[in-house]
K.L.:
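For reference, the structure I am asking about is given below.
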Amino acid sequence: MSAVSTARDAWGADVPDWIIALAKECDRTSQNQTAKRIGRSASFVSTLLRKRYSAGLEGAEEVVRGALMSESIVCPVLGAIGRHVCLKWRRRAGSFENVNAQHVMMYRACNRCPRCTGGDDG
């Protein structure tokens, strides 16, 4: 059975476009390669396709839309970046790390950004 069929069976008529994009990439390559491409595990991909992912879907959607669907946002510091890159920086902004100047700059910027503070969901 194809990944698209698996997703359609699990999600029904309400299957989101980003789940279809994930499934198509799995069919095009493999579930393991798709997982590597989005920086997650194969079990993560499997649970998403089968609608068994128990955590919130917002982060998963951001990763798929950024890595597989080439959706981007405009970062006030970096300019146009993939949604998955934004998510990576937002997660790193949870704790301060004085690793290098870019980390410090992004920590400060992300903690002031409406996307990170909950003021903007787009």
K.L.:
Hydrophobic clustering (ILVMFWY, side-chain heavy atoms < 4.5 Å, transitive) - are L87 and M69 grouped together?
P.N.:
yes

K.L.:
Have a look at R83 and tell me which of E58, E61, E62 forms a salt bridge (Lys or Arg N to Asp or Glu O under 4.0 Å) with it.
P.N.:
E62

K.L.:
Filter on ring-ring contact (aromatic ring centres under 6.0 Å, His included), then keep only pairs touching residues 67-90, sequence neighbours left out; what's left?
P.N.:
W89-H103

K.L.:
Within the side chain of S5, is there an N or O that forms a donor-acceptor pair under 3.5 Å with the backbone of M1?
P.N.:
no

K.L.:
Ignoring hydrogens, what is the shortest heavy-atom contact between L49 and A10? Give both atom names and the distance.
P.N.:
O-CB, 3.6 Å

K.L.:
When you look at S72 and I81, which way does the side-chain contact (heavy atoms from CB on, under 4.5 Å) test go after all the steps?
P.N.:
CA-CA 5 Å; S72 63; I81 59 173; 6.0 Å; no

K.L.:
Could you state the interatomic distance from CD (Q31) to OG (S41), rounded to the nearest 0.5 Å?
P.N.:
9.0 Å

K.L.:
Determine which pairs satisfy ring-ring contact (aromatic ring centres under 6.0 Å, His included) with at least one residue from residues 55-75, sequence neighbours left out, and list them in order.
P.N.:
none

K.L.:
Taking all non-hydrogen atoms of both residues into account, name the closest pair between I38 and A67 and its distance.
P.N.:
CG2-CB, 3.9 Å

K.L.:
The test is side-chain contact (heavy atoms from CB on, under 4.5 Å); show your working for V63 and L68 and say whether it passes.
P.N.:
CA-CA 8 Å; V63 168; L68 301 181; over 6 Å; no

K.L.:
Does any pair with a residue in residues 6-19 pass salt bridge (Lys or Arg N to Asp or Glu O under 4.0 Å), and if so which ones, sequence neighbours excluded?
P.N.:
D17-R65

K.L.:
Checking D27 now: which residues fulfil side chain to side chain contact (heavy atoms under 4.5 Å, CB included) with it, not counting sequence neighbours?
P.N.:
S2, A3, V4

K.L.:
Under a 4.5 Å side-chain heavy-atom rule over Ile, Leu, Val, Met, Phe, Trp and Tyr, are V15 and V64 clustered together?
P.N.:
yes

K.L.:
Taking only residues two or more places apart in sequence, or in another chain, which ones meet R108 in a side chain to side chain donor-acceptor pair (under 3.5 Å)?
P.N.:
none

K.L.:
Restricting to side chain to side chain contact (heavy atoms under 4.5 Å, CB included), what partner residues turn up for Y53, sequence neighbours left out?
P.N.:
F44, T47, L48, A55, L57

K.L.:
Hey, what else clusters with F96 if you join Ile, Leu, Val, Met, Phe, Trp, Tyr whenever side-chain heavy atoms sit under 4.5 Å?
P.N.:
V104, Y107

K.L.:
Got a sec, which residues hit side chain to side chain contact (heavy atoms under 4.5 Å, CB included) with P16, two or more places apart in sequence or on another chain?
P.N.:
W11, W18, I19

K.L.:
Apply side chain to side chain contact (heavy atoms under 4.5 Å, CB included) to V77 and list each qualifying residue two or more places apart in sequence or on a separate chain.
P.N.:
C75, M105, M106, A109

K.L.:
Which salt bridge (Lys or Arg N to Asp or Glu O under 4.0 Å) pairs, counting each pair once, include a residue from residues 37-49, with sequence neighbours left out?
P.N.:
E25-R37

K.L.:
Tell me if the NZ atom of K24 is crowded by more than 12 foreign heavy atoms within 6.0 Å.
P.N.:
no

K.L.:
Measure from the side-chain N and O atoms of N32 to the backbone N and O of A42, and report whether any donor-acceptor pair falls under 3.5 Å.
P.N.:
no

K.L.:
Going by salt bridge (Lys or Arg N to Asp or Glu O under 4.0 Å), name the residues that satisfy it together with R52, two or more places apart in sequence or in a different chain.
P.N.:
none

K.L.:
Kindly indicate, with the supporting measurements, whether the criterion side-chain contact (heavy atoms from CB on, under 4.5 Å) is fulfilled by Q102 and L78.
P.N.:
CA-CA 10 Å; Q102 186 178 29; L78 300 175; 3.8 Å; yes

